Asks: 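Could you have a look at this structure, given as C-alpha cells, before my questions?
Chain naming here is simple, since letters A, B, ... match the order of the sequence lines and numbering starts at 1 in each. Not measured: the values here are computed from a predicted model.
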Amino acid sequence: MLASGGLRRFSSMEKSKSSRDSTTALYAVQCGKCFKWRLIPTKEEYDAIRESFIEDPWFCEKNPEVSCDDPADIEYDTSRLWVIDKPNIPKTPPNTERNLHLRKDFSKFDITYIMPNGKRVRSSTEVERFLEAHPGYKDQFSVSDFSFTSPKIMEEMVPKSSRGKDSVGRKRKNEDG
DNA sequence: GCCACCGGTGGC
DNA sequence: GCCACCGGTGGC
C-alpha cells in the first residue's frame with residue numbers, strides 16, 4: 001500500500017489519454033489518519049498543501065465538510081496514472097511557471113520553469129545563472145524557491161505498451177547470468 | 001538557430 | 001539504485 005510506504009502522501013494524477021499532453025490532472029491528498037484519498041479542487045490549493053506538508057500534514061478534519069468516516073473520493077487504482085509528489089515543494093514564484101514534461105516512455109518527468117522573461121530553466125544551477133545575469137529578479141525570488149525534483153511515477157500504472165523490451169519503465173540491465 | 005526531447009552519468 | 005543535471009540533436 002501506498003501509505004505504508006510512508007512519507008509521500010501526495011499525489012497528483014493524470015488521466016492518461018492516448019496523447020500524453022492531453023492530461024486532465026486531478027489532485028489528491030491522503031489523510032494521515034484514515035489514509036483515504038481526498039480530492040483537492042484546485043491546483044493552487046494543492047500547491048499550498050504540498051508546500052508545507054511535512055510540518056503541516058493533512059487530515060480529513062481539515063476540511064469541515066468531510067470526516068474520516070466518509071468514503072474516499074478516489075481510490076488508488078490503475079484507471080489513472082498516479083504520480084506521487086515530493087512534499088514541501090515551494091510555491092511557484094509569481095510570474096514564473098512550473099511545468100512537468102512526462103517522457104513518452106513514462107520513465108520520468110522533466111521539470112522546467114518559465115522565467116518572467118520567457119527564458120526556460122531546467123536546473124537549480126540554471127536558476128543561479130539566471131539570477132546572476134538578471135540581478136533585478138533577486139528581490140522577487142531565490143534559488144530555493146525552485147524545485148526540480150521529479151514526482152514518482154507508480155510503475156504499475158505505466159501502460160504495458162511502454163513497458164516492453166526496448167522501451168523502459170524500469171530499466172533492465174544485462175540479463176546474463 | 002532554436003527548442004523539445006531524450007540518453008547518459010556523477011554523486012549521493 | 002536513484003535522480004538531478006546536462007549535453008546532444010532531430011525536426012522544425
Side-chain angles (χ1 to χ4, degrees), chain A residues 1-25 27-30 43 46-55 57 76 78 80-138 140-177:
Chain A
M1 320 238 91
L2 262 203
S4 64
L7 323 179
R8 324 235 172 89
R9 302 238 160 94
F10 261 95
S11 167
S12 71
M13 306 160 270
E14 321 208 0
K15 188 195 251 163
S16 60
K17 308 263 226 70
S18 42
S19 158
R20 81 210 119 84
D21 19 347
S22 70
T23 56
T24 51
Y27 301 95
V29 58
Q30 192 173 35
K43 180 174 191 303
Y46 175 81
D47 287 348
I49 296 170
R50 182 180 60 183
E51 183 186 25
S52 51
F53 186 69
I54 291 178
E55 318 85 81
Y76 180 78
T78 57
R80 292 167 179 280
L81 176 66
W82 281 73
V83 169
I84 308 298
D85 254 339
K86 297 293 196 306
N88 288 40
I89 294 178
K91 216 174 277 176
T92 304
N95 302 318
T96 71
E97 188 183 318
R98 186 173 190 266
N99 295 316
L100 305 190
H101 308 273
L102 180 59
R103 297 203 174 189
K104 290 194 181 80
D105 65 356
F106 292 83
S107 60
K108 61 182 167 185
F109 284 94
D110 292 301
I111 287 99
T112 62
Y113 284 83
I114 308 297
M115 298 309 234
N117 66 354
K119 185 176 166 48
R120 189 182 57 108
V121 294
R122 16 171 230 171
S123 69
S124 300
T125 50
E126 288 188 5
V127 174
E128 276 175 29
R129 277 189 224 128
F130 177 89
L131 284 172
E132 288 313 307
H134 310 278
Y137 290 114
K138 285 186 178 175
Q140 296 185 38
F141 46 71
S142 68
V143 186
S144 60
D145 293 318
F146 296 79
S147 168
F148 295 87
T149 53
S150 175
K152 183 176 169 57
I153 300 162
M154 297 294 98
E155 188 180 355
E156 59 272 35
M157 307 304 163
V158 174
K160 298 234 166 60
S161 59
S162 301
R163 277 194 263 175
K165 317 117 212 250
D166 39 324
S167 61
V168 193
R170 113 175 4 198
K171 191 160 258 167
R172 50 171 77 192
K173 310 200 86 174
N174 267 347
E175 295 179 3
D176 46 353

Asks: Identify, with sequence neighbours excluded, every residue that meets salt bridge (charged side-chain N to carboxylate O under 4.0 Å, His left out) alongside A:Lys43.
Replies: A:Asp47
Asks: Looking at every heavy atom in both A:Ser150 and A:Ile111, which two are closest together, and how far apart are they?
Replies: CA-CD1, 3.4 Å
Asks: Check side chain to side chain donor-acceptor pair (under 3.5 Å) between A:Thr96 and all other residues, then give those that pass, not counting sequence neighbours.
Replies: none
Asks: Whole-Å distance between C:dG1 P and A:Lys152 NZ?
Replies: 14 Å
Asks: Expressed as a whole number of angstroms, how long is the span from A:Ile114:CD1 to B:dC2:C1'?
Replies: 14 Å
Asks: Just the rounded figure in Å: distance from P of B:dA4 to NZ of A:Lys108.
Replies: 17 Å
Asks: Report the residues that fulfil side chain to side chain donor-acceptor pair (under 3.5 Å) with A:Ser142, sequence neighbours left out, ordered by chain and then residue number.
Replies: A:Ser144
Asks: List the atom pairs, with distances to 0.1 Å, where a side-chain N or O of residues 127-135 of chain A and a protein N or O form a donor-acceptor pair under 3.5 Å, not counting sequence neighbours.
Replies:
unit_1	atom_1	unit_2	atom_2	d
A:Glu132	OE2	A:Lys138	NZ	3.3

Asks: Sequence neighbours excluded, which residues qualify as side chain to side chain donor-acceptor pair (under 3.5 Å) partners of A:Ser124?
Replies: none
Asks: Which pairs pass salt bridge (Lys or Arg N to Asp or Glu O under 4.0 Å) with one or both residues in residues 87-99 of chain A, sequence neighbours excluded?
Replies: A:Glu51-A:Lys91
Asks: Go along nucleotides 6-12 of chain C 5' to 3' and tag each nucleotide: B for a protein heavy atom under 4.0 Å from its base, S when only backbone or sugar atoms are that close, - otherwise.
Replies: SBB----
Asks: A:Asp105 CG to B:dA4 C1': how many Å, rounded?
Replies: 15 Å
Asks: To the nearest angstrom, how far is A:His101 atom NE2 from C:dC5 atom C1'?
Replies: 15 Å
Asks: Under the salt bridge (charged side-chain N to carboxylate O under 4.0 Å, His left out) rule, collect the residues that match up with A:Asp110, sequence neighbours excluded.
Replies: A:Arg103
Asks: Quick one: A:Lys119 NZ to B:dG1 P, roughly how many Å, whole number?
Replies: 17 Å
Asks: What would the secondary structure line of DNA chain B be in dot-bracket form, counting Watson-Crick and G-U wobble pairs under 3.5 Å, with [ ] for pairs that cross earlier ones and | for pairs with another strand?
Replies: ||||||||||||
Asks: Write down the distance between CD1 (A:Ile111) and C1' (B:dC5), rounded to a whole number of angstrom.
Replies: 14 Å
